[in-house]
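Every chain is numbered from 1 and lettered A, B, ... according to where its sequence line falls, protein lines coming before strand lines. Quick caveat: nothing in here was measured; it's all calculated off a predicted structure.
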Amino acid sequence: MAVPVYDEQNYLGENPGLARLYDNIQATVPGVLLPIVKIVVWNAIEEFYWRSTWRREWLNWTMPPGVLCVDFNPFDGNWVVCWVLDIYGLSDYMVRPPAEIIDTRSPPIDGTREGKALVALKPVSLDADFDPLLFMNWFETILDGALYRLYLQPAKPYSSPQLAGAHAKQFRVGCQRARAVAQMQYTNGPGRWGFPYFASGRRKS
Amino acid sequence: METTRPTIGRMLLDARAILNDVVPITGSMRYSDEDLIQAFNSALAEVRAKRPDAFLAMGLRIDVPRFVMPADTTELFPLDQIFYPLCVNYIVGKSELREDEFAAEGRAVALLNKFVTGLLQVAS
């Protein structure tokens, strides 16, 4: 059988960010198997998006006459809404998690209602097209999230509650930082100045 | 250099080499292929209990595969290669537990312990 040749240009595969993540984990954690690496990486990415609300989108919604609720899911084939962060256009409403808004005005208002909603998205699977910034800016955070899950597993060659604790802390800090950046309109400095959220009667995102 | 996974037949040969049962001096093998493959099936059940992640690729909600000889001689070793030497140790250890004038009971216990240690710890 021919000996495989090291291919420097293509060794990271179709998704270089994911392959880099797998390489980092498998080179660091003794005796870990690729299927379990994929599971923890996916769990870490999902939790990252869920905690940080890193991917946010504004959606325009319309409620035709007689309709009292709008469901924003599915967002598209690769992404689903995991949080409704802000709603414009309704004075009294209720959010039914994860992505349904319900007009609770009583008596119900006839006519068409329109508005906007700020939502946070998470990917539906590891095959989704992640935004390039995920592995550029938050690589270490996702790595921490995967490592803490691996080290936390019982009765494995790589079990280590101490390391799990350290990486879990780093992961949570990274998620908080990502959330802060998203709240600042993806700038790393101070965000646009505006009235405090409570001054305009809105809910905190 | 070999880059393919070893076969079941190869694994039994490796186990026989440690058991010193390769060349039939007396005309017949001390351990039949059926005995050794039974030991390997037991090893798979042990791996399934202690390292379920080893079975993720083939599925966790199915029965542990069972191999028979000689039908599965050319089948590939079903787990990741890091488990190959551990399974060889287990087959040898389990075989030497048998009441046999040539068997070394102390070595059998050592190999079975090495199998468990190798599954659960880095140091082995």
Once rounded to the nearest 0.5 Å, what's the spacing between atom [atom1] of [X] and atom [atom2] of [Y]?
X     : Y      : atom1 : atom2 : value
B:F83 : A:L33  : CZ    : CG    : 4.5 Å
B:D53 : A:L150 : CG    : CG    : 9.5 Å
B:K50 : A:K156 : NZ    : NZ    : 12.5 Å

- Neighbour count above 12 (heavy atom, 6.0 Å) for B:D63 CG: no

- Task: Please indicate whether A:R96 has more than 12 foreign heavy atoms, meaning atoms of other residues, nucleotides or ligands, lying under 6.0 Å from its CZ.
- Result: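 No.
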
- Task: Could you list all the salt bridge (charged side-chain N to carboxylate O under 4.0 Å, His left out) pairs where at least one residue sits in residues 122-146 of chain A, not counting sequence neighbours?
- Result: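 Those involving residues 122-146 of chain A are A:E46-A:K122.
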
- Region of A:I39 in contact with chain B, defined by heavy-atom distances below 4.5 Å: side chain

- Query: Given a strict heavy-atom distance threshold of 4.5 Å, which part of B:L120 is in contact with chain A: side chain, backbone, both, or neither?
  - Reply: both

- Task: Please report the shortest heavy-atom distance between A:P35 and B:L56, naming the atom on each side.
- Result: CB-CB, 3.5 Å

- Which heavy-atom pair separates A:P157 from B:R51 by the least distance, and what is that distance? CD-NH1, 3.1 Å

